[in-house]
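First listed ligand is number 1; within each ligand, the first listed atom is number 1. Hydrogens, waters and symmetry mates play no part in the numbers below; they use all other heavy atoms, side chains included.
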Amino acid sequence: MTVAHRVTGRPGAPAVVLSNSLGSTWEMWDANLAELEQHFRVIRFDTRGHGRSPVPPGPYTIDDLTDDVVELLDTLELERAHFVGLSLGGMTGLRLAAREAGRVDRLVVLCTGARLDPRSAWSERAALVRSEGTPAVAEAVVRRWYTADWLAEHPRTRKESEEMVASTPPDGYAACCEVIATMDLLADLPSITAPTLAIAGADDPATPPWQLERIADEVADGKLLVVPDAAHLANAERPAVVTPAVVAHLLEDGS
Ligand SMILES: O=C(O)CC1=CCC(=O)O1
């Protein structure tokens with residue numbers, strides 16, 4: 001299945017794939033895009049069940065999301081790429097780097113976890129969205145995406161973010177909640193050899209810093225960055241801290 005994607009940035013430069021969080025679209029990278037495009041060929045895509053991508057019937061697994069990325073790389077005739085994923089996108093990145101080590105150059109995972117407990121919470125959210133739709137969870141989700149102070153200062157982003165969640169197809173959103181409910185990547189971490197930067201929002205209630213610290217500690221070559229005054233979408237709330245850190249990590253091999 002080919003996911004919806006857009007390729008921008010420097011033609012011929014090293015490629016970086018950006019993978020979105022649950023309930024978002026590739027627009028979640030808007031605040032980071034211009035700086036990334038100066039250095040890389042940037043490939044944004046919408047995870048299956050989200051945005052412009054197909055919504056195949058569930059259930060989905062983390063390996064299905066990983067297969068979608070492999071197919072995207074094949075479609076674009078890319079043997080290898082850097083991978084940057086946030087939350088659900090970060091889980092996809094961890095699985096890809098463990099299962100398809102030859103396809104990932106350097107990895108950045110933001111605001112994510114190798115396993116998110118209690119798993120029952122994700123099955124319950126899937127059931128809620130199937131019965132009441134994505135608008136039922138939009139406000140609460142966006143309250144986890146940004147700190148309260150930032151939301152108070154950015155009412156337009158708050159509204160647009162709630163609309164982004166509310167317009168996610170309920171079947172796709174629910175099937176991706178079930179990916180999280182069934183996913184356990186703890187055993188994968190030691191086999192990840194791609195140099196990995198794990199970025200946490202210091203005030204992220206969804207995937208707190210200890211989750212990213214565990215990833216940085218357990219992969220073969222990991223580093224941790226904790227971003228102050230940031231919640232779950234740390235890339236969007238603090239782009240001036242996050243984007244240069246991502247660029248520096250991806251350029252570290254001299255590309
Ligand atoms: O929606 C949330 O509560 C936060 C989240 C967990 C996985 C993801 O992609 O977003």
Identify, for [atom], the protein heavy atom at the shortest distance, and state residue, atom and that distance.
{"atom": "atom 10 (O) of ligand 1", "answer": "Ser87 OG, 3.0 Å"}
{"atom": "atom 1 (O) of ligand 1", "answer": "Arg125 NH1, 2.9 Å"}
{"atom": "atom 4 (C) of ligand 1", "answer": "His232 NE2, 3.5 Å"}

With backbone taken as N, CA, C and O and side chain as the heavy atoms from C-beta onward, which portion of [X] lies under 4.0 Å from ligand 1: side chain, backbone, both, or neither?
{"X": "Ala206", "result": "side chain"}
{"X": "Trp145", "result": "neither"}
{"X": "Thr207", "result": "neither"}

(request) Give a yes-or-no answer on whether the side chains of Gln211 and Thr112 include a donor-acceptor pair shorter than 3.5 Å. (result)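 Result is no, nothing qualifies.
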
(request) Assess the side chains of His232 and Thr207: does a donor N or O sit below 3.5 Å from an acceptor N or O? (result)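 The answer is yes; a qualifying pair exists.
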
Show the atoms of ligand 1 that are less than 4.0 angstrom away from any heavy atom in [X].
{"X": "Arg144", "value": "2 (C), 3 (O)"}
{"X": "Ile180", "value": "7 (C)"}
{"X": "Leu22", "value": "8 (C), 9 (O), 10 (O)"}

(message) Could you check whether atom CZ of Arg6 has more than 12 heavy atoms from other residues, nucleotides or ligands sitting under 6.0 Å from it?
(response)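 Open: at most 12 neighbouring heavy atoms sit under 6.0 Å from CZ of Arg6.
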
With a 4.0 Å cut-off, would you call [X] and [Y] a salt bridge?
{"X": "Arg130", "Y": "Glu178", "answer": "yes"}
{"X": "Glu37", "Y": "Arg10", "answer": "no"}
{"X": "Glu27", "Y": "Arg52", "answer": "yes"}

(request) Look at the aromatic rings of Phe83 and Phe45 and report parallel, tilted or perpendicular, splitting at 30° and 60°. (result)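 The rings of Phe83 and Phe45 sit tilted, inter-plane angle from 30° to 60°.
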
(message) If I apply the N/O under 3.5 Å rule, does Val141 come out as touching ligand 1?
(response)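 There is no such contact.
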
(request) Answer yes or no: does an N/O atom from Leu88 fall short of 3.5 Å to an N/O atom of ligand 1? (result)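 Leu88 vs ligand 1: N/O contact under 3.5 Å present.
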
